Number of protein chains: 2
Amino acid sequence: MVKDKNTEQRIYEAARKVFLKKGMAGARMQEIADEAGINKALLHYYFRNKEKLFDGIFNEVIERISTGIQSIFELETNVLEKLKEFVNIYVDVLFENRYLPLFVLNEMNQHPDRFSILLKENIVVHMKKFLVQIQEEIEKGTIRAENPVHLLLSVLGLIIFPFAVYPLFKKMLGEELMENTDILLIERKKEICLFIENALKP
Amino acid sequence: MVKDKNTEQRIYEAARKVFLKKGMAGARMQEIADEAGINKALLHYYFRNKEKLFDGIFNEVIERISTGIQSIFELETNVLEKLKEFVNIYVDVLFENRYLPLFVLNEMNQHPDRFSILLKENIVVHMKKFLVQIQEEIEKGTIRAENPVHLLLSVLGLIIFPFAVYPLFKKMLGEELMENTDILLIERKKEICLFIENALKP
DNA sequence: GTCTATAAGTAGATAGAC
DNA sequence: GTCTATCTACTTATAGAC
């Protein structure tokens, strides 16, 4: 076990890895300790208990996602451009953090209010502004759509779902068809953009 | 507690409810017993242990999904019609079983091989045939797409994602914008169909 | 078949030596 | 700061009465 990083950080990274993979309920303090190459007791020395450790990880994850979204919505472009930027950035993010979508969706379902405040403050303002912008463009006729909420749900689904499902998908189709899953996931950037463009073309 | 159904079935239904909501790791035998209105010991009398009980539920869920998919792919129609039929049936299924998508995606990630066989035999044959059909229509030019796998991922994402995310979405946008979440979810049937039609129009 | 009581096993948390 | 050993609490599983 390499000792170059300080212990606290090693624990934190180990916890991140284990929590993202197993979730709060499935994660074991012992596994985190092993992963960090230290003793279980040290976990409690640095982070008082499992919940505090989890909260740290979870808040950091949400924070990271939020700021990414924020920066996109601050762009001064039209809806289609914003969506395409969104797609490009988030496919890359998820590519490097494949457990992220399921982890967030799950923990949110298990503890519905742990982070409702967190989310409200960070994302929702931008989200709502963007929904207004979509509505405006629909009325102007520059994009063909009916309900901004549906559009947002659709784009998020196109981006996120493949990452949540890809291990299953890989198993279903067999290695032959999916030998290049990674390439497929990256390809989705242009695939989704094209799909959206066609769907929204007036 | 109503005793009209036999105990085994009551346990089974309680277990289904709890497992789907909490997952294998998060579910508690006590909670299942309470939900079924019986004693914990009876769970072990009817189903030897937690794992066997879970397996029963899980296999049944997968089975149900599989047969649904199967019947759609057996239709003798073109790709667009099949996809639309798929959308209509599955939105209704998920509407009545909202925990299903996350449950399946999760448990599959936790026990990657428990059901690889299950899936292979039921769905994969039809899936592959359908991918071939898509490829043929792409080549004939009746639909505009590039990669059948991407198309399938996209449609599944459009259908499934909103159900996986809807509690979070509801929280983010606040009750005002989402007072009719249920209507929104059902609306997705025509929304997705329209979205696909436009995206695939040659 | 169904219950109460309890055993056995597991996981989180703490005490105390170094 | 880090470890070993241990405690406590929780969860699954079983024994045995009815």
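Proteins get letters first, then strands, A, B, ... in listed order; numbering begins at 1 in each. Quick caveat: nothing in here was measured; it's all calculated off a predicted structure.
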* To do: Could you encode protein contacts along nucleotides 12-18 of chain D as a string, one character per nucleotide from 5' to 3', using B for base contact, S for sugar-phosphate-only contact and - for no contact, with a heavy-atom cut-off of under 4.0 Å?
  => BBBB---
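Taking CD of Glu81(B) as the reference point, atom CD1 of Ile72(B) lies at 13.0 Å (rounded to 0.5 Å).
Between the P atom of dG12(C) and the CG atom of Leu43(A) lies a distance of 10 Å, rounded to the nearest Å. dT4(D) atom C1' lies 12 Å from atom CG of Leu42(A), rounded to whole Å. Between the P atom of dT4(C) and the CD1 atom of Ile38(B) lies a distance of 11 Å, rounded to the nearest Å. The nearest whole Å value for the distance from the CD atom in Glu31(A) to the P atom in dT10(C) is 15 Å. Atom CZ in Phe47(A) sits about 16 Å away from atom P in dT14(C), given to the nearest Å. When the C1' atom of dA11(C) is taken as reference, atom CG of Leu53(A) falls 15 Å away, rounded to whole Å. Atom CG in Asp34(A) sits about 16 Å away from atom P in dT2(D), given to the nearest Å. The separation between Lys22(B) atom NZ and dT11(D) atom P is 11 Å, rounded to whole Å.
For Glu85(B), there are no side-chain hydrogen bond (donor to acceptor under 3.5 Å, both in side chains) partners two or more places apart in sequence or in a different chain. Partners of Glu51(A) according to the side-chain hydrogen bond (donor to acceptor under 3.5 Å, both in side chains) rule, which considers only residues two or more places apart in sequence or in another chain, do not exist here. Partners of Glu60(B) according to the side-chain hydrogen bond (donor to acceptor under 3.5 Å, both in side chains) rule, which considers only residues two or more places apart in sequence or in another chain, are Tyr12(B), Arg64(B). Scored by the side-chain contact (heavy atoms from CB on, under 4.5 Å) test, Val93(B) finds Ile89(B), Tyr90(B), Asn97(B) as partners (sequence neighbours excluded). Residues passing the side-chain contact (heavy atoms from CB on, under 4.5 Å) test with Lys52(A), sequence neighbours excluded: Arg48(A), Asn49(A).
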